Amino acid sequence: MSTETDTRRDAWISITIFLLIVGATSAVFHWALVTLNPTSLYVGPLMWMPAMAAFATLLIRGRSIRSLPWNWGRWRFNAKAFLVPVVYVSITYGLIYAFGLAGFPDMETIGEWRAETGLADLPQWGLIAVMVILLGTVGAIRAMSTVVGEEIGWRGFLVWEMRKVMPFGAVALVSGLIWSFWHWPVVVWYGGGDALTQMTVFTIMITSMSVVMTYYTFKSRSLWPAVMFHAAHNVFIQNIFDPLTAYSDNTSVWAGEYGWMIAIVTTGFGLVYWFKARKEGL
């Protein structure tokens, strides 16, 4: 049997073991979130299940955890990976505001931020600037502590095994679909709208993000750009732009992670990086 055939067989075995473990262990916390309470006590461990599955798979396969791409890599890849979500989230909400699909800012959020910071006399624009800086730095660092658990599994382990048996495009799309399916129980139970529409929108967004994240993972040979990307996405959409958005009757169709605008914009970014990867021979 050829070495290439052995490598492909071993990769498929590792992928299968990983998916079985991450599915089984995640199901426990999905069950807790859906039937008990959507508390961070369950969300945090859930986000670390991909990492635990990767570690367990490596142990079963007789490989070292040190074989994962822990190296920090070049700063420029980490910086670019962090900035990409900042740009596409800004474009998304800029379009939402420009088309009159929502108002800006949400005064309830402004009031909460004044109380939280104690900056009662600061002009509104100054308060927003302070919170964007704080959330974009301290908040992003805090977010990394949980998203790193996902990224060790998805971009630290899974995509590298898949690359042994698939080209870049297939790796990006298939890993993105798996990542989105993993989120579906929470989307269905806590999305707050039509489940089928929200799963569709969320899957488009996540799969498009996966293309960009896979690109930076392979370019840097490191899992850290994906951690930076994931943290920036979560913070800028969940903690900055969406809270600052004044919702009207039709806003939820377009805004947030279940809104069509983010799906449209991230699809554009995904296509750009898809062709970029092909041009660079990834």
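Only this structure's heavy atoms are used, side chains among them; waters, hydrogens and symmetry mates stay out. Everything numeric here is computed off the predicted structure, so don't read it as measured data.
If you check the side chains of T214 and T217, you find no donor sitting under 3.5 Å from an acceptor.
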May I have the step-by-step check of side-chain contact (heavy atoms from CB on, under 4.5 Å) for W70 and I152, ending in yes or no?
CA-CA 9 Å; W70 296 109; I152 289 170; 3.7 Å; yes

Apply side-chain contact (heavy atoms from CB on, under 4.5 Å) to residues L244 and D106 and explain how you reach the verdict.
CA-CA 5 Å; L244 280 173; D106 179 76; 5.7 Å; no

Could you walk me through whether T203 and V187 pass side-chain contact (heavy atoms from CB on, under 4.5 Å), step by step?
CA-CA 10 Å; T203 299; V187 174; over 6 Å; no

Stepwise side-chain contact (heavy atoms from CB on, under 4.5 Å) test for W31 and L36:
CA-CA 8 Å; W31 173 84; L36 300 178; 3.7 Å; yes

Criterion salt bridge (charged side-chain N to carboxylate O under 4.0 Å, His left out) on R63 and E161, from CA distance to verdict
CA-CA 13 Å; R63 292 160 55 185; E161 293 301 307; 2.8 Å; yes

Passes ring-ring contact (aromatic ring centres under 6.0 Å, His included), F18 versus F157? Steps please.
CA-CA 9 Å; F18 170 81; F157 177 80; 5.3 Å; yes

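Judged by distance alone, with hydrogens and angles left aside, the side-chain atoms of S67 form a donor-acceptor pair with the main-chain N or O of S64 at under 3.5 Å. Formation of a donor-acceptor pair under 3.5 Å by the T137 side chain with backbone atoms of I133 is found in this model. Here the side chain of T245 pairs no donor or acceptor atom with the backbone of Y247 at under 3.5 angstrom. At distances below 3.5 Å, at least one donor-acceptor pair connects side-chain atoms of T109 with backbone N or O atoms of P243. Between the side chain of T146 and the backbone N or O of G44, no donor-acceptor pair lies under 3.5 Å. A donor-acceptor pair under 3.5 Å is absent between the side-chain atoms of T266 and the main chain of S208, judged by distance alone.
Side-chain contact between S220 and W72: absent, with no pair of heavy atoms (C-beta onward) separated by less than 4.5 Å. Here the side chains of S14 and R61 are in contact, with some heavy-atom distance below 4.5 Å. A 4.5 Å side-chain heavy-atom check between L95 and W254 finds every atom pair outside the cut-off. Residues W154 and I178 are in side-chain contact: their nearest non-hydrogen atoms beyond the backbone lie under 4.5 Å apart. Contact of the Y88 side chain with the L83 side chain is not registered, since no non-hydrogen atoms from C-beta on lie closer than 4.5 Å. Looking at I262 and I204, their side chains never come closer than 4.5 Å, going by heavy atoms from C-beta outward. Taking the side chain as every heavy atom from C-beta outward, M52 and T25 never approach each other to under 4.5 Å. Side chains of V84 and Y216 form a contact here, defined as non-hydrogen atoms less than 4.5 Å apart.
Atom NZ of residue K276 and atom CG of residue L271 lie 14.5 Å apart, to the nearest 0.5 angstrom. Distance check, rounded to the nearest 0.5 Å: CH2 of W274 to CG of L282 gives 12.5 Å. Taking OG of S180 as the start and CE of M209 as the end, the distance is 11.0 Å to the nearest 0.5 Å. For the atom pair OG1 (T251) and OH (Y97), the distance works out to 9.5 Å, reported to the nearest 0.5 Å. Summarising the geometry, atom CZ belonging to F104 is positioned 7.0 Å from atom CZ belonging to F241; distances are rounded to the nearest 0.5 Å. If you take CG on N234 and CD1 on I240, they are separated by 11.5 Å, rounding to the nearest 0.5 Å.
Nearest heavy-atom pair, L122 versus L127, reported as atom, atom and distance to 0.1 Å: CD2-N, 3.3 Å. Among all heavy-atom pairs drawn from D242 and A255, the shortest one is OD1-CB, 4.1 Å. Minimum interatomic distance between W12 and M166 (heavy atoms only, all atoms of both residues): CH2-CE, 3.6 Å. The minimum heavy-atom distance linking L46 with W182 is given by the pair O-CZ2, 3.1 Å. Closest approach of N78 to P225, counting heavy atoms only: OD1-N, 3.2 Å. Across every non-hydrogen atom of A140 and F82, the tightest pair is CB-CE1, 3.9 Å.
Annotation: cation-pi pair R155/W160 absent, no NZ/CZ under 6.0 Å from the ring centroid and within 45° of its normal. Figure legend: cation-pi geometry between R278 and F168 absent, as NZ or CZ is not positioned both under 6.0 Å from the six-membered ring centre and within 45° of its axis.
Linking ILVMFWY side-chain heavy atoms closer than 4.5 Å, directly or via other members, places W260 and M205 in a single hydrophobic cluster. Using a 4.5 Å cut-off between side-chain heavy atoms of Ile, Leu, Val, Met, Phe, Trp and Tyr, with links allowed through other members, I21 and F55 fall into different hydrophobic clusters. L20 and I13 are members of different hydrophobic clusters when ILVMFWY side chains are connected at heavy-atom separations under 4.5 Å. Criterion: ILVMFWY side-chain heavy atoms under 4.5 Å apart, direct or through other members. Under it, M228 and V138 are not part of a common hydrophobic cluster. M213 and F181 fall within a single hydrophobic cluster, where Ile, Leu, Val, Met, Phe, Trp and Tyr side chains are chained together by heavy-atom contacts under 4.5 Å.
Salt bridge absent: E108 and R114 never bring a charged side-chain N and a carboxylate O closer than 4.0 Å. Under a 4.0 Å N-O distance rule, the pair D10/K164 does not qualify as a salt bridge.
Checked against the 6.0 Å centroid criterion, the rings of H230 and W179 qualify as a close aromatic pair.
Tested against E257 for a side-chain hydrogen bond (donor to acceptor under 3.5 Å, both in side chains), the candidates H183, Q198, H233 yield a single pass: H233.
Note on ring orientation: taking the six-membered ring where Trp is involved, the planes of Y42 and F29 are tilted (angle from 30° to 60°).
Listed by first then second residue, pairs satisfying salt bridge (charged side-chain N to carboxylate O under 4.0 Å, His left out) with a partner in residues 210-219 read K219-E280, not counting sequence neighbours.
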